[in-house]
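Input: a single structure, listed below in structure tokens.
Basis for what follows: all heavy atoms, side chains included, without hydrogens, waters or symmetry-related copies. For ligands, and for the atoms within them, numbers begin at 1 and follow the listed sequence. Residue numbers run from 1 in the order of the sequence given.
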Amino acid sequence: MITTTAQKIADLEWGAVLKALAGHAECGDQYLVQPAAPGALVAAIDGLGHGDKAAAAAKLARAILAEYGHEPLVSLVNRCHKQLIGTRGVVMSLADFNLAERTMTWLGIGNVHGALFHAGNGRNVTKSYEALVLRGGTLGYRLPTLRPETHPIAAGDTLILVSDGVRSGFASELDLRLAPQALAEFIFKNYARGTDDTLVLVVRYVGGAE
Ligand SMILES: [Mn+2]
């Protein structure tokens with residue numbers, strides 16, 4: 001089953017595609033987009049392996065993030081790590097949008113890739129982007145040193161998070177004029193490996209025009 005979602009919270013528009021590996025009812029990839037004043041918490045989670053146990057670990061991480069989403073990213077990661085000991089473990093990337101300061105702070109443990117595309121000035125859409133620095137580790141087993149990075153954001157900037165069920169190389173092929181859900185579906189259609197659970201999550205900052 002493929003789950004697609006398009007929604008808007010605060011000044012963020014987002015879309016997602018989530019698909020379990022064929023033959024599995026439960027998806028080991030999970031995500032969260034949740035208001036967290038003054039902005040939102042965004043998470044893309046990949047439980048190790050696939051199937052029920054991967055899904056259980058990923059859903060536990062998601063539930064913890066949903067409950068404590070107001071905490072700083074480092075606290076959230078430490079909290080999830082402790083709770084996930086004894087499970088399959090997960091890798092995940094988190095982004096904390098602060099819409100008052102117009103910043104996005106992100107942190108990645110494992111291999112959930114992230115890219116922040118800058119909209120450029122006015123309608124002049126560019127392909128310049130920041131790549132999330134991923135540090136090796138697995139929540140529930142071993143954490144790397146946690147170093148969140150903060151980037152300024154402007155209206156039209158677009159965050160894309162993908163699990164390792166998605167091939168790389170899509171960055172230069174994107175039409176960033178598309179809505180987040182259309183972008184997520186484009187990436188899924190053209191870059192999903194089909195050999196793992198698959199998650200594509202796209203979040204755009206639409207407010208705050210200068
Ligand atoms: Mn995976």
Problem set entry | Of the N, O or S atoms in Asp196, the one nearest the Mn ion (ligand 1) | OD2

Exercise. Which N/O/S atom belongs to Asp164 and is the closest one to the Mn ion (ligand 1)?
Worked result: OD1

Problem set entry | Evaluation steps, side chain to side chain donor-acceptor pair (under 3.5 Å), between Ser163 and Asp29 | CA-CA 7 Å; Ser163 72; Asp29 290 352; 2.7 Å; yes

Exercise. Under a 4.0 Å N-O cut-off, is there an ion pair linking Glu26 with Lys59?
Worked result: yes

Exercise. Do Asp197 and His50 have a side chain donor and acceptor closer than 3.5 Å?
Worked result: no

For this session: Kindly indicate whether the side chain of Val17, heavy atoms from C-beta on, has any atom under 4.5 Å from the side chain of Ile187.
Result: no

Problem set entry | the Mn ion (ligand 1) - closest N/O/S atom in Asp46 | OD2

